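Structure first, commentary second.
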Protein chains: 2
Amino acid sequence: MGKKIPKQQSIDMQQLADMAGVSKSTVSRALSDSSVVNKRTKEKILELANKHHFVMNETARSLRLQRSNMICLVLMHDVELGAHLSDPFFLRMVGCVVDSLAKSGHDLALYHKPLETADEFRATRVYRQCDGTIFIGQGMIHEELNKLASHEKPIVVWGADLPERNYRVVGTDNIMGGKQATQHLLNQGCRRIAFFGDVRKPELALRHEGYTSALREADIEVDSSLQLAPPMERHAADQIIDNFIKSKKDIDGIVCCSDMLAATAISSLHEHGIEVPSQVAVTGYDDLEIGTRLRPALTTVSQNIQAGGEQLVQKMMALLAGKQIRDSIRESSLVVRKSSLRDGK
Amino acid sequence: MGKKIPKQQSIDMQQLADMAGVSKSTVSRALSDSSVVNKRTKEKILELANKHHFVMNETARSLRLQRSNMICLVLMHDVELGAHLSDPFFLRMVGCVVDSLAKSGHDLALYHKPLETADEFRATRVYRQCDGTIFIGQGMIHEELNKLASHEKPIVVWGADLPERNYRVVGTDNIMGGKQATQHLLNQGCRRIAFFGDVRKPELALRHEGYTSALREADIEVDSSLQLAPPMERHAADQIIDNFIKSKKDIDGIVCCSDMLAATAISSLHEHGIEVPSQVAVTGYDDLEIGTRLRPALTTVSQNIQAGGEQLVQKMMALLAGKQIRDSIRESSLVVRKSSLRDGK
DNA sequence: AGACAAAATACAATCGATTGCAACAATAAA
DNA sequence: TTTATTGTTGCAATCGATTGTATTTTGTCT
């Protein structure tokens with residue numbers, strides 16, 4: 001407390017070289033365990049490096065090697081959709097991506113600001129610093145992602161397989177997911193089924209497509225007044241969902257586009273004395289831990305997030321490697337993992 | 001799909017200078033909006049930069065300026081404590097820190113691997129790349145954090161105010177938090193109160209201290225068989241908690257060290273047909289969204305995570321700025337925000 | 001010892017931006 | 001016109017590592 005502790009000064013390769021009585025080339029080679037360096041010299045240098053707490057200047061190294069081994073992860077975040085990270089889906093995804101990246105010897109930089117244009121993003125420091133970018137979600141900037149992909153640094157996107165797409169995407173079959181959830185409710189006997197999710201987001205639009213398709217197949221008309229697009233911001237969402245549930249007493253099912261939404265809906269239903277699932281049944285999406293903590297446990301569409309994160313990283317690595325060989329790579333290799341329906345309790 | 005789209009080649013300052021018919025010094029100054037550059041020259045350069053999609057090489061810039069403007073965030077993660085990010089507390093913290101950093105013009109690199117020693121961390125690329133590090137939690141490496149702090153790059157830690165501490169810390173009053181939660185249960189009439197949390201973690205040890213202190217004041221003996229340290233890993237934790245609840249039928253309250261733990265406990269209690277809170281009352285910690293979705297809503301100790309994130313960043317910025325003026329700064333400025341008790345329903 | 005190959009090390013250019021200082025141009029004052 | 005002053009721009013060193021090539025050292029064989 002208040003004590004002055006002198007910071008240890010960091011040392012560079014030249015100083016290490018001087019101490020070892022060799023040139024910095026030799027130090028560099030020794031540290032990278034090059035086979036041309038004499039074994040005893042190598043040992044001496046390593047010992048000195050250790051003793052003096054040598055830490056390499058990574059920036060200089062990156063400059064020389066023309067790569068930083070950093071990948072940027074963008075948690076997509078539209079201006080209009082409100083802020084604050086609270087959906088645990090993102091945490092799981094970040095965790096899986098960072099772990100996968102670590103396995104390939106890469107580090108992760110996080111970006112979390114609303115994004116409107118490709119140029120805006122290219123002007124950010126993380127973009128300039130990183131070798132490539134992984135986007136979680138397409139938000140509403142599909143076209144801008146196309147533009148971004150035409151530039152030198154590779155991008156990979158978690159999201160939907162949209163038409164006119166020039167970037168690589170990893171994702172699951174959202175149409176099928178939405179359809180399965182809806183069919184599950186239909187099988188439970190539900191007939192007036194609401195849909196909670198902002199269809200301005202491509203993935204959710206596809207889930208909605210699955211929802212309508214399931215309804216049509218059951219000869220049920222889609223009631224546009226049962227479609228709700230709750231904002232991301234928690235309190236606003238709570239309010240809007242609560243109002244909806246108050247005013248639509250005749251619904252008997254809700255297809256939600258995330259487990260968090262489902263939890264909110266169930267909480268609101270309880271608040272109004274509506275029994276779940278006997279009076280209104282609810283499905284979630286993502287199969288997160290929260291769903292298993294609710295009573296009754298949530299029926300939800302499972303996306304294998306870990307596999308998704310791994311795929312994203314794998315694709316990114318392929319693009320980075322490809323770039324070093326040939327300058328332009330563009331092949332369609334959408335990874336589709338089939339959504340599965342999981343029944344709680 | 002399969003179409004070959006040539007990537008746009010990136011351009012450097014020299015090329016931009018050539019096109020503008022000036023030297024790269026002038027380009028550099030123009031891009032940083034230096035006042036010495038002629039207005040028309042500046043406009044011409046900016047126009048060209050825009051037209052040719054100029055993106056500065058951030059690595060070269062960092063090397064020259066001797067700073068990357070990147071801060072590393074370590075989600076503390078002990079080898080023995082299991083893996084996988086699922087507690088939304090971390091997401092909230094990451095979100096708050098990244099947002100605060102952005103406001104100070106910094107970016108965030110994420111680190112998420114088990115950490116045992118300071119030297120091990122100093123050897124990582126993120127450490128070398130970043131200007132400083134923020135740790136979320138002290139894990140079990142308090143001593144190693146002390147070592148790390150003695151080196152050139154600043155660190156700030158979210159955690160407990162431990163004795164013999166040479167690094168800056170931001171946190172809340174964990175003793176008080178644990179005490180308040182316990183007293184709340186005592187006030188509800190609970191007498192056999194269990195504690196769920198791994199006291200090997202300093203913060204949780206303090207909460208436990210608050211717990212025992214509250215019990216003592218109520219003249220209740222602390223029963224060591226009611227202390228449970230669930231692992232981080234979800235399934236293992238579920239199992240252990242379930243076994244505990246099965247075997248300790250006589251408890252009437254549980255103080256949990258996180259809302260996730262509380263949710264798990266409540267879920268398990270329900271599973272065994274035990275009423276919450278009438279038969280067993282439960283408190284959480286962190287005041288996360290999940291607590292508000294449970295029925296009945298969770299009583300929890302609130303930590304102002306946003307303020308915490310801001311403080312962490314603010315301290316880091318102070319250390320970085322201080323370093324530029326004087327070489328060693330060490331003053332005690334622990335930020336203690338009083339925990340508050342929040343009653344759901 | 002001398003010649004030659006092999007092993008180990010040093011030299012110097014390079015990555016792309018920044019910036020102190022020198023140089024030049026334009027304008028004003030003498 | 002000359003000189004001083006101010007406004008712009010260019011030169012070249014610098015940040016700290018990597019690496020192709022040149023050079024020195026070491027060891028082997030005759």
Side-chain angles (χ1 to χ4, degrees), chain A residues 9-46 48-49 52-70 122-123 125 127-131 152-153 324, chain B residues 9-46 48-49 52-70 122-123 125 127-131 152-153 324:
Chain A
Q9 204 55 45
S10 75
I11 243 173
D12 79 6
M13 271 197 184
Q14 186 60 66
Q15 300 175 45
L16 206 55
D18 294 347
M19 298 185 328
V22 298
S23 74
K24 58 177 178 167
S25 339
T26 302
V27 172
S28 171
R29 294 191 170 104
L31 292 174
S32 63
D33 201 30
S34 157
S35 64
V36 304
V37 180
N38 182 287
K39 200 170 156 241
R40 279 179 305 134
T41 313
K42 211 186 274 184
E43 279 167 6
K44 192 207 299 179
I45 291 173
L46 257 60
L48 279 169
H52 294 273
H53 301 287
F54 172 76
V55 168
M56 166 143 14
N57 183 319
E58 192 63 33
T59 305
R61 180 170 216 264
S62 294
L63 175 59
R64 180 58 227 242
L65 297 180
Q66 296 291 290
R67 63 184 152 80
S68 64
N69 284 312
M70 284 219 149
R122 293 176 70 251
R125 200 187 305 113
Y127 179 78
R128 302 188 307 221
Q129 181 83 267
C130 292
D131 299 336
E152 68 279 8
K153 301 198 179 189
Q324 286 165 10
Chain B
Q9 203 55 44
S10 76
I11 245 172
D12 79 5
M13 272 198 184
Q14 186 59 66
Q15 300 175 46
L16 205 56
D18 294 346
M19 297 185 330
V22 298
S23 72
K24 59 176 176 167
S25 337
T26 302
V27 171
S28 171
R29 287 191 261 254
L31 292 175
S32 64
D33 201 31
S34 157
S35 63
V36 303
V37 179
N38 182 287
K39 199 169 155 242
R40 279 180 303 135
T41 313
K42 209 187 280 184
E43 281 167 5
K44 193 208 298 180
I45 292 174
L46 256 59
L48 279 169
H52 294 275
H53 301 287
F54 172 76
V55 168
M56 166 144 13
N57 183 319
E58 192 64 32
T59 305
R61 180 170 217 263
S62 295
L63 174 59
R64 180 60 228 239
L65 297 180
Q66 295 291 290
R67 62 183 152 82
S68 65
N69 284 311
M70 284 220 151
R122 292 176 70 252
R125 199 187 306 113
Y127 179 78
R128 302 187 308 221
Q129 180 83 268
C130 292
D131 299 337
E152 67 280 7
K153 300 198 180 189
Q324 287 166 9

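These numbers come from the heavy atoms of this one structure, side chains and all, not from hydrogens, waters or symmetry mates. In what follows, chains are A, B, ... by sequence order, proteins preceding strands, each numbered from 1. Just so you know, these numbers come straight off a predicted model, no measurement behind them.
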**OP:** Assign each of B/Arg29 and B/Leu65 to its nearest nucleotide of DNA chain D by heavy atoms, then name whichever residue's nucleotide is nearer the 5' end.
**Re:** B/Arg29

Original post:
Which sits closer to the 5' end of DNA chain D, B/Gly21 or B/Gln66, going by the nucleotide each is nearest to?
Top reply: B/Gly21

Original post:
Atom CG in B/Asp18, atom CD1 in B/Ile11: separation rounded to 0.5 Å?
Top reply: 10.0 Å

Original post:
How long is the gap from OG1 on B/Thr59 to CG on A/Leu65, to the nearest 0.5 Å?
Top reply: 10.5 Å

Original post:
Between the two ends of the helix from C/dA1-D/dT30 to C/dA30-D/dT1, what is the bend in degrees, rounded to 10 degrees, where each end axis spans five pairs?
Top reply: 60°

Original post:
Does A/Ser28 place a side-chain N or O at less than 4.0 Å from the phosphate oxygens OP1/OP2 of D/dT18?
Top reply: yes

**OP:** Would you tell me if any nitrogen or oxygen in the side chain of B/Arg61 comes within less than 4.0 Å of OP1 or OP2 on C/dT18?
**Re:** yes

Rounded to whole Å, how long is the line connecting atom [atom1] of [X] with atom [atom2] of [N]?
| X | N | atom1 | atom2 | answer |
| --- | --- | --- | --- | --- |
| A/Asp33 | D/dT18 | CG | C1' | 16 Å |
| A/Arg64 | D/dT14 | CZ | C1' | 16 Å |
| B/Asp12 | C/dT18 | CG | C1' | 14 Å |
| A/Arg40 | D/dT25 | CZ | P | 16 Å |
| B/Met56 | C/dC15 | CE | P | 18 Å |
| B/Leu31 | C/dG16 | CG | C1' | 13 Å |
| A/Asn57 | C/dC15 | CG | P | 18 Å |
| A/Leu63 | C/dC15 | CG | C1' | 4 Å |

Where is the tightest heavy-atom contact between [X] and [Y], given as atom of each residue plus distance?
| X | Y | result |
| --- | --- | --- |
| A/Ala30 | A/Leu46 | O-CD1, 3.9 Å |
| A/Ser68 | A/Ser62 | CA-OG, 3.5 Å |
| A/Gln129 | A/Lys153 | N-NZ, 4.2 Å |
| B/Val27 | B/Ile45 | CA-CD1, 4.0 Å |

Original post:
Any donor and acceptor pair, going by atom type alone, linking the side chain of A/Arg122 with main-chain N or O of B/His53 inside 3.5 Å?
Top reply: yes

**OP:** For the residue pair B/Gln15 and B/His52, establish whether any side-chain heavy-atom pair is separated by less than 4.5 Å.
**Re:** no

Original post:
So does B/Ser25 reach the base of D/dC11 with its side chain, donor to acceptor, closer than 3.5 Å?
Top reply: yes

Subject >> hbond_proxy A/Lys24 side chain to C/dA10 base (donor-acceptor, 3.5 Å cutoff) >> reply: no

**OP:** Can you figure out which of D/dT9, C/dT9, D/dT18 approaches the side chain of B/Thr26 most closely?
**Re:** D/dT9

Subject >> N-O pairing of B/Asp33 and B/Lys42 below 4.0 Å >> reply: yes

Original post:
Are side-chain N/O atoms of A/Ser23 and A/Ser25 paired as donor and acceptor at under 3.5 Å?
Top reply: yes

Atom pairs, N/O to N/O, protein against nucleotides 5-8 of chain C, distance under 3.5 Å?
none

